[in-house]
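Bear in mind the structure is a predicted one, so any value in this text is a computation, not a measurement. Ligands are counted one by one from 1 in listed order, and the atoms in each one are counted from 1 as well.
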Amino acid sequence: MDNKIWLSSPHLSGSELNFVKQAFDTNWVAPIGPNINGFEKDLESYLKENTHIAALSSGTAAIHLALVQAGVGPDDEVICQSFSFCATVNPIIYLGARPILVDSEKDTWNICPKALKEAVEDRISKGKKPKAILAVHLYGMPYKIDEVHAFAKAHKIPVIEDSAEALGSTYKSRKCGTFGDYGVLSFNGNKVITTSGGGALVCHSKETKDKTVFLATQARDQAPHYQHSEVGYNYRLSNISAGIGRGQMEVLDKYIVLRQRMNKFYQEIFKDIEGVRVQKEYSKDIASNHWLTVILVDSSKTGGITREDLRLALKADNIESRPLWKPMHLQPLCEDFPYYGNKVCETLFENGLCLPSGSNLNDNDRSRIKSSILKVFKK
Ligand SMILES: *Cc1c(COP(=O)(O)O)cnc(C)c1O
């Protein structure tokens, strides 16, 4: 059997080890130290826009601390894109608040501005103004930032921009993650770059960053002893992990180009296969990092071949592929939460497939993937 080809696996450059070794040599083996400060600086110069970064133990932790700072508490409501990974929704539930799930639109696959408007207006008419809007750049594809943020601003609702999958994606030449009141990044093992596990909150003032770090380190008040006035969390990134992150920052731009090339590779394969559409940029104003390349299979046009047929054929050749995120409003976890929309994301879920997209795939991997796909479509 050939080696397994993964959807998106960690891709180390080698220089990560130098930063990790420095941490060992200087005994900064703790959730504090020079790699954390260095990694935060690297991210700030990468994202620009006067961002202030708080490095955290996960993207989920970043969403949690954004919600805390947006003032979300028990019985509050938070608008959330339904079509996402569970990590977008879970922190709302940690706080005893209710996610109000909103459908996607066809061109971005992300939060639908119309369904968003309907949801917010309906909740306000029921006497519950949402405390925050959580929108996601799913698979690296930017959501309609101008429309969504203008609407949020008109209603004075803070936006948390879940950019966990979109590091390096751009909207009108500006990096995703820098537009919201808070931005969320993830460095999990399967993302564009990894720290083995980690995340960051993108803030727009030093005060917000300091507050985030304060909350992430048990909310300890100024005093010689341990003094606490509010609930804290243990969410800071380790200095070892941050060392991996510093090494990864050196190759981030290169890795994004490689993922974008994987997308072109699939566009090329599927351009002559009727009934299969590869997701691509919906406007010249945006660029996706193409964290994952995703396709939609319309079995009424492929002669009955479904995305499941393709998934199983790839699996038989030891190639990983995966259905898209199952919408959160279809999850048993969320069955009691309201949903607004027209089932666009349900159709995407039924027909979509994520294909191997890592920056570490080589020519041999690509030729195996291509022949496995072509076998299914008998070209
Ligand atoms: C990965 C991911 C997260 C969470 O990040 P972790 O670092 O794994 O906690 C949040 N939202 C989306 C959309 C993600 O893909």
(Q) Quick check against the 3.5 Å criterion: does S104 have a side-chain atom that pairs as donor or acceptor with the backbone of W109? (A) yes

Q | Min heavy-atom dist G198 to ligand 1 below 4.0 Å | A | yes

Q.
Tell me whether ligand 1 is touched by S84 - counting only heavy atoms on the residue side and a distance under 4.0 Å.
A. yes

Could you tell me which atoms of ligand 1, counted from 1 in the order shown, lie closer than 4.0 angstrom to a heavy atom of [X]?
{"X": "S58", "result": "7 (O), 9 (O)"}
{"X": "A87", "result": "3 (C), 4 (C), 10 (C)"}
{"X": "T88", "result": "11 (N), 13 (C)"}

Hey, is [X] close enough to [Y] for a salt bridge, meaning N to O under 4.0 Å?
{"X": "K114", "Y": "E105", "answer": "no"}
{"X": "K128", "Y": "D75", "answer": "no"}
{"X": "E121", "Y": "R123", "answer": "no"}
{"X": "E147", "Y": "K153", "answer": "no"}

**Q.** Proximal candidate to atom 14 (C) of ligand 1 [heavy atom criterion; set K191, H64, Q81]
**A.** K191

Q.
Measuring from atom 3 (C) of ligand 1, which candidate in A164, G197, S57, A200 has the nearest non-hydrogen atom?
A. A164

Q. Going by side-chain heavy atoms closer than 4.5 Å, which hydrophobic residues are tied to I286, directly or by a chain of links?
A. I79, I100, V102, I111, L116, V120, I124, I133, M141, Y143, I145, V148, F151, I157, V159, Y171, F179, Y282, Y340

(Q) Please give the remaining members of the hydrophobic cluster of F19, linking ILVMFWY side chains under 4.5 Å, ordered by chain and number. (A) none

Students should be able to answer this: which protein heavy-atom is nearest to [atom], and at what distance?
{"atom": "atom 5 (O) of ligand 1", "result": "S186 OG, 3.2 Å"}
{"atom": "atom 8 (O) of ligand 1", "result": "N188 ND2, 3.2 Å"}
{"atom": "atom 15 (O) of ligand 1", "result": "E165 OE2, 2.5 Å"}
{"atom": "atom 11 (N) of ligand 1", "result": "D162 OD2, 2.7 Å"}

**Q.** In one Ile/Leu/Val/Met/Phe/Trp/Tyr side-chain cluster, 4.5 Å: L314, V376
**A.** yes

Q: Using a 4.0 Å heavy-atom threshold (strictly under), name the region of T60 that reaches ligand 1: side chain, backbone, both or neither.
A: both

Q) Is ligand 1 under 4.0 Å from a heavy atom in the side chain of V136, in the backbone, in both, or in neither? A) side chain

Q: Report the C-alpha distance between H64 and Y233 in whole Å, list the side-chain angles of each, state the deciding distance to 0.1 Å, and finish with yes or no for ring-ring contact (aromatic ring centres under 6.0 Å, His included).
A: CA-CA 10 Å; H64 195 178; Y233 304 83; 4.8 Å; yes

